[in-house]
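Heads up: the structure comes next, in structure tokens.
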Amino acid sequence: MGNCCDCVTGFFCRPKNTNVRVSLPAVCFVWQIAMIILFGVFIRYDEESDAHWVEFKREHNITSDIENDFYFRYPSFQDVHVMIFVGFGFLMTFLKRYSFGGVGFNFLIAAFGLQWALLMQGWFHSLDPATGKIYIGVESLINADFCCAGSLIAYGALLGKVSPVQLMVVTLFGVTLFAVEEYIILTLLHCRDAGGSMVIHAFGGYYGLAISWVLYRPNLHQSKRLNGSVYHSDVFAMIGTLFLWMFWPSFNSAITDHGDGQHRAAINTYLALASSVLTTVAISSMSQKTGKLDMVHIQNATLAGGVAMGTAAEFMITPYGSLIVGFCTGIISTFGYLYITPFLEKYLKLQDTCGVHNLHALPGMLGGFIGAIVAAAATESVYSAEGLINVFDFEGSFANRGVGTQGGFQAAGTCVAIAFGLVGGAIVGLILRIPIWGDPADDNCYDDEVYWEVRK
């Protein structure tokens, strides 16, 4: 028995080996070949991207190509795509010696994740039972980017502490869990969550936090010298913040219904973001005796209004209601960086590199419950009878659902997202503890030279 325990201890506590020359190419090649095969079997163009569009137009009395959904959705897709690859990527360049990892691994996660997301979301949402095929169009691309966002958020909690092979595993399971919880929340519970406060931010945030908690490093202080920023790294991170801040109205409105819903979602997000900037600056200044601002707060908490507005973006929350959401979440997020993050690390052994708890997990949870309250408070006098049906999709088997019931399901959906993030993240964290992934030693974290050729 003693020998067995010694073997297990020796296996899990053996010295770190960061050589990924075999494992990383193997994962990338094998998984990409798998994507090619699965796409060949399942993925096809939908009727609006297929060469039969001419016949489709004639059969459905469509008179102009401008009515193809591409022309409605592609501008929003471009904005969301920029957020995923440039916004998220550059936001994670704040570490003084981990800019390559921040942008480069973000690129890797998203490039793999969007392919796997098209398959996973297709199997759950758009698989044609007659043909066994998944038909994709421009809206499918937007949803795939949304799906990737959950794994990119989780990466923020793990930044600098994991290998690229581990990140591929995080993405594989993250996209899979996302597709399942999204199906439960949006289809089975029939929740509305246009901007993903629940399905993207709450899930992604708690998914990353749970993995980070399981992967706790008691000797991470050995890399403390690199766990910080310098002047130019903070400037690069601020580029990511500004791209995210500018395009967040597109993120929250990208897949809403054409017309008033999309218009309203963009307005509400725009106002919430603006409001969160002022309160973030105010709290950041108040927290210092000399009134100086902390760049960490400005890079992150200024975006909290967009996160919290995700669920209620298309609802009639009113312009001043949007300002209130941004006002409150800017304060809450900044306080999170000041007090909650140190508390979590000290007492719960949770090492959250980017503070995703304060930007995504907590505002996402709040956004889900805000959406539940706004939905439950909806009235026919504010929305009109047809407006209620349109906004909450009270049709088919949900035609008799009331707004109070809808509010209850919205709250339940938030809880489902959090549960999937925590439980799924804990399981994935246990998988990542197996010492075969090439992760860095405690005294070698937050350093690009571990996985990148750095020219000096």
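The residues of the chain are indexed from 1 along the displayed sequence.
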For this session: Indicate, with yes or no, if the rings of Tyr206 and Phe420 have centres closer together than 6.0 Å.
Result: no
Exercise. Counting N and O atoms only, with roles assigned by atom type, does the side chain of Thr187 sit under 3.5 Å from a partner on the main chain of Ile184, one being a donor and the other an acceptor?
Worked result: no
Problem set entry | Backbone N/O of Leu186 and side chain of Asp193: donor-acceptor pair under 3.5 Å | no
Exercise. In terms of side-chain geometry, is the basic nitrogen of Lys224 or Asp442 positioned less than 4.0 Å from the acidic oxygen of its partner?
Worked result: no
Problem set entry | Derivation and outcome, side chain to side chain donor-acceptor pair (under 3.5 Å), residues Asp234 and Gln299 | CA-CA 8 Å; Asp234 270 334; Gln299 289 164 353; 2.9 Å; yes
For this session: Could you tell me if the ring centre of Tyr270 sits under 6.0 Å from that of Trp248?
Result: no
Problem set entry | Exercise: do Gln32 and Gln115 side chains pair donor with acceptor under 3.5 Å | yes
Problem set entry | Main-chain N/O of Cys191 paired with Gln410 side-chain donor or acceptor, under 3.5 Å | no
For this session: Look at the side chain of Gln406 and the backbone N and O of His190, then say whether any donor-acceptor pair between them is shorter than 3.5 Å.
Result: yes
Exercise. From Leu114 CG over to Ile84 CD1, what is the distance, rounded to the nearest 0.5 angstrom?
Worked result: 9.5 Å
Exercise. Would you say the side-chain atoms of Ser212 and Asp352 include a donor-acceptor pair closer than 3.5 Å?
Worked result: no
For this session: Kindly say whether Leu215 contributes a backbone atom to a donor-acceptor pair with the side chain of Arg433 at under 3.5 angstrom?
Result: no
Exercise. Does some side-chain heavy atom of Phe94 sit less than 4.5 Å from a side-chain heavy atom of Leu159?
Worked result: yes
For this session: Flag the pair Asp439 and Lys16 as a salt bridge only when some basic side-chain nitrogen lies within less than 4.0 angstrom of an acidic carboxylate oxygen.
Result: yes
Exercise. Going by atom types only, do Ser49 and Asp46 share a side-chain donor-acceptor pair under 3.5 Å?
Worked result: yes
For this session: Give a yes or no on whether the backbone of Leu273 and the side-chain of Ser276 come within a donor-acceptor separation of less than 3.5 Å.
Result: yes
Exercise. Would a line drawn from the ring center of Phe178 to the ring center of Tyr207 be shorter than 6.0 Å?
Worked result: no
For this session: For residues Leu119 and Phe39, determine if any side-chain heavy atom of one lies less than 4.5 Å from a side-chain heavy atom of the other.
Result: yes
